[in-house]
Amino acid sequence: MLDNQQGLVFIDQYASRVTCYSSQYGHANGVSYTANNLVGPPSRFPAYGDFPETYVPRTYGPWWKESSIIFKGKNEVDQTGEDFIDVQFKKPVYPYCVNVYETYNSGCVRRLWAGDGQGNWKLFHENSVKQSLKQSQIFSPEPHHLQFLTSLIRIEIDSSFADYYPEVDAILLVGTETYPAPEESLKLSVLGLYAKVVGLGLHRLVPGFNTLESIQRLCFTDKLSQGVSVCHLSKLPEEILRVILALLDLRSLCSLACASSLFNKICKDSVLFTAVNLKPYWYCVNLPTLKWLGARSQCLQYLDLSWCGSYGKFSSSDFSWFIKQHGKRLRILRLENCSFLNNEALYSISTSCPYLQELNLRGCRDLESTAFWHLGKLHMMERLILDSTQIELPTLLVSLQSMASLSHLSLGGCQNLSLLGSLDEISRWLNRHRPGIVSLDFWRSGHLSNHGMEALVGLERLRELDIGWCGLPPNGNWISQLASRCRSLEKLFLTAARVVKDADLIAIAQYCPNLKQLDVLGNSYITSEGCSRVLDKCRKLRLLDVSYCCQIEAVHVANWRRIHPYVSIKRIFVSEED
């Protein structure tokens with residue numbers, strides 16, 4: 001607790017609990033690399049390195065987006081981070097400063113939000129710098145008072161530009177129980193505005209610079225004899241205008257609708273709303289938003305509501321109403337980390353979206369296991385993403401039976417599937433009924449026996465396979481057999497498999513020429529010889545992770561990086577990066 005000359009009492013407090021998070025590297029029932037490690041004061045800061053006592057999201061870099069065989073949708077100018085985590089503090093305060101203690105690959109904090117616990121959010125800080133640093137740091141934006149009483153802070157982490165996993169040790173909130181006097185508040189606001197002006201470089205504009213004239217020169221204008229500039233954009237046929245407007249992001253489309261009655265009319269055309277991504281606007285999506293979209297959803301085929309509706313922003317009934325009214329043509333529905341989902345919502349999806357081809361429920365941890373029975377009605381399903389959900393083996397197998405076109409299945413971090421024999425059963429079922437499956441993710445979802453691996457290697461059309469942190473049988477040369485049978489592999493994650501040997505890497509180099517990503521972290525039997533074979537033969541390789549492979553030395557990695565400059569080679573050992 002700290003006083004200043006204005007009479008304000010500043011309260012320092014560390015997070016007391018984690019209320020929500022998008023992903024974590026650690027096991028749901030474990031303590032290493034989990035979200036709960038953010039509770040309390042820092043445990044390893046200011047040390048720099050890879051520490052299991054910190055919070056780590058599941059992914060880093062661009063590799064996951066580049067490898068996923070999915071429809072990308074329309075890019076939005078306003079982008080979220082790759083992950084988020086919500087932390088609660090004991091005492092509500094008017095936030096003045098938020099300190100994020102980063103201990104590994106720091107610099108990945110994108111935005112800081114303050115919430116009231118009822119779905120309302122205020123942006124506290126946005127970081128425009130996209131650079132990962134090889135040092136620990138306290139990310140602490142310029143202090144300023146936010147007129148918003150809060151005990152809930154959301155940290156958005158953008159690890160897409162980090163070359164390895166970022167790690168966060170703790171979160172400190174500094175605030176006051178009372179809001180400062182108007183004069184002090186104005187002073188702080190002016191200082192914040194000045195920082196933004198400097199950050200944008202506006203203070204460097206040359207004397208006499210006319211912003212309006214500069215913009216006008218970029219427009220379609222015709223200099224009339226009277227010297228009046230006339231914009232002819234509105235004279236274009238509506239068909240051409242629709243083609244142009246289809247290139248705009250959602251925010252720009254909404255802004256343009258306010259420009260004129262003509263644009264207002266065209267911007268309501270449902271053809272412009274065939275693909276809608278609301279994830280970047282999660283903080284303001286509510287029931288009126290759904291009603292607004294509903295008036296334009298006659299052609300809606302792609303909808304991303306990920307991160308939306310948290311803390312009661314809208315209800316399951318609101319979502320069910322929208323899906324019943326406008327879900328008939330939906331092909332792709334993404335609902336990552338949507339806490340409003342329940343049995344009613346999944347029933348509405350299953351009965352109102354007959355043509356659904358992709359359903360993403362990643363991170364919907366509160367969704368009751370019985371709700372997944374409704375998935376069996378989605379007969380057109382091609383891609384099903386159920387990472388970190390409560391789905392159980394009987395429900396999954398029954399649901400998959402009706403999905404004749406299933407090509408992509410993601411079950412990473414499903415703790416109810418970690419029961420002995422579950423992954424074996426899934427592998428055998430896929431081998432018998434869906435042998436053409438293209439991508440499969442079992443990350444941290446249990447163990448595979450010899451029977452399960454035998455079924456897995458029979459999925460010869462696999463292009464992506466993640467069996468990281470799955471217990472694998474120590475005998476049988478299954479990785480070599482997998483490489484010789486599944487020759488179209490582009491992504492193979494064998495993280496902490498513990499059984500990979502040089503013979504397996506040589507088989508991968510021989511049979512998988514299209515391989516782009518290979519993760520063999522934690523496999524102590526492999527040597528530089530096996531890795532060199534992979535690097536030499538797999539010419540499309542872009543990612544190789546040999547971290548904690550004790551027989552791989554720094555000199556080997558340095559030599560590989562010189563010979564193969566287009567491959568991102570990761571090697572961490574004893575909390576150090578070479």
Side-chain angles (χ1 to χ4, degrees), residues 70-71 73 270 273-279 285-310 312-387 389-411 414 416 433-434:
I70 58 174
F71 172 71
S270 59
F273 295 86
T274 56
V276 177
N277 180 11
L278 291 174
K279 181 180 178 182
V285 175
N286 53 19
L287 179 56
T289 308
L290 296 181
K291 292 180 178 179
W292 173 88
L293 180 60
R296 298 158 174 79
S297 295
Q298 291 83 354
C299 301
L300 186 63
Q301 298 182 29
Y302 166 95
L303 177 62
D304 193 339
L305 275 174
S306 299
W307 299 18
C308 298
S310 61
K313 196 68 172 180
F314 58 83
S315 67
S316 175
S317 299
D318 298 332
F319 171 79
S320 297
W321 162 82
F322 179 86
I323 287 296
K324 289 175 183 177
Q325 295 293 321
H326 311 289
K328 184 177 181 180
R329 293 181 176 84
L330 273 177
R331 299 294 193 276
I332 298 173
L333 181 59
R334 295 177 180 167
L335 301 168
E336 293 185 26
N337 302 102
C338 289
S339 57
F340 62 82
L341 291 176
N342 59 11
N343 185 77
E344 175 192 1
L346 257 62
Y347 174 77
S348 300
I349 293 171
S350 67
T351 55
S352 305
C353 307
Y355 303 110
L356 201 62
Q357 297 172 354
E358 177 184 326
L359 179 61
N360 187 341
L361 300 175
R362 178 181 288 124
C364 297
R365 300 172 186 83
D366 298 329
L367 191 58
E368 56 269 33
S369 59
T370 55
F372 292 101
W373 285 105
H374 300 300
L375 297 180
K377 301 173 186 176
L378 300 172
H379 304 298
M380 304 290 288
M381 189 63 60
E382 297 179 6
R383 172 178 285 267
L384 184 60
I385 303 173
L386 301 174
D387 298 32
T389 62
Q390 301 296 326
I391 193 164
E392 298 175 346
L393 180 63
T395 311
L396 176 66
L397 295 182
V398 170
S399 299
L400 294 181
Q401 288 179 5
S402 63
M403 302 177 186
S405 301
L406 187 71
S407 300
H408 311 273
L409 180 62
S410 188
L411 301 169
C414 293
N416 287 342
H433 303 288
R434 302 292 181 270

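Side chains are part of it too, since the values below use all heavy atoms of this structure and drop only hydrogens, waters and symmetry mates.
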Using every non-hydrogen atom in the two residues, find where [X] and [Y] come nearest and quote the distance to one decimal.
{"X": "Y355", "Y": "K328", "result": "CD1-O, 3.2 Å"}
{"X": "M403", "Y": "R434", "result": "O-NE, 2.7 Å"}
{"X": "Q298", "Y": "S270", "result": "OE1-CB, 3.2 Å"}
{"X": "C338", "Y": "C364", "result": "N-SG, 3.7 Å"}
{"X": "F322", "Y": "S297", "result": "CZ-OG, 3.9 Å"}
{"X": "I385", "Y": "R362", "result": "CG2-NH2, 3.4 Å"}

Item checked: Heavy atoms from other residues, nucleotides or ligands near CZ of R296 exceed 12 (cutoff 6.0 Å) ->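 Yes.
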
Would you say the side chain of [Y] lies within less than 4.5 Å of the side chain of [X], judging by non-hydrogen atoms?
{"X": "R365", "Y": "N337", "value": "yes"}
{"X": "L356", "Y": "M381", "value": "yes"}
{"X": "K377", "Y": "S402", "value": "no"}
{"X": "L400", "Y": "L384", "value": "yes"}

Margin query: Given C414, which partner from the list L396, D387, L393, I391 fulfils the side-chain contact (heavy atoms from CB on, under 4.5 Å) test?
Written below: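 Exactly one option meets the side-chain contact (heavy atoms from CB on, under 4.5 Å) with C414, and it is I391.
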
Just verifying a value: how many Å separate [X] [atom1] and [Y] [atom2], rounded to the nearest 0.5 Å?
{"X": "L333", "Y": "L305", "atom1": "CG", "atom2": "CG", "value": "7.0 Å"}
{"X": "T389", "Y": "N416", "atom1": "OG1", "atom2": "CG", "value": "8.0 Å"}
{"X": "S410", "Y": "L386", "atom1": "OG", "atom2": "CG", "value": "8.0 Å"}
{"X": "S405", "Y": "H379", "atom1": "OG", "atom2": "NE2", "value": "11.5 Å"}
{"X": "L378", "Y": "L406", "atom1": "CG", "atom2": "CG", "value": "11.5 Å"}
{"X": "L346", "Y": "E368", "atom1": "CG", "atom2": "CD", "value": "8.5 Å"}

Note to self: Under the criterion side chain to side chain contact (heavy atoms under 4.5 Å, CB included), I'd like the reasoning laid out for I332 against Q301: C-alpha separation, chi angles, the key distance, then a yes or no.
What the structure shows: CA-CA 6 Å; I332 298 173; Q301 298 182 29; over 6 Å; no

Next item on the list: Start with the C-alpha distance between I323 and L330, add both sets of side-chain angles, then the distance that settles side chain to side chain contact (heavy atoms under 4.5 Å, CB included), and finish with yes or no.
Entry: CA-CA 9 Å; I323 287 296; L330 273 177; 3.9 Å; yes

Note to self: According to ring-ring contact (aromatic ring centres under 6.0 Å, His included), who are the partners of F319, at least two apart in sequence or on a separate chain?
What the structure shows: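 F340.
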
Next item on the list: Quick one: do F314 and W321 satisfy ring pair (Phe, Tyr, Trp, His ring centres under 6.0 Å)? Show the steps, please.
Entry: CA-CA 11 Å; F314 58 83; W321 162 82; over 10 Å; no

Next item on the list: Would you confirm whether S320, through its side chain, and S317, through its main-chain N or O, come within 3.5 Å as a donor-acceptor pair?
Entry: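 Side chain of S320 to backbone of S317, a donor-acceptor pair under 3.5 Å: no, none is there.
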
Note to self: Any side-chain to backbone donor/acceptor pair from N360 onto E336? Under 3.5 Å, distance only.
What the structure shows: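 Absent.
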
Notebook entry, point to check: In this structure, which one of R334, E358, R331 forms a side-chain hydrogen bond (donor to acceptor under 3.5 Å, both in side chains) with Y302?
Noted result: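 It is R334; the other options fail the test.
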
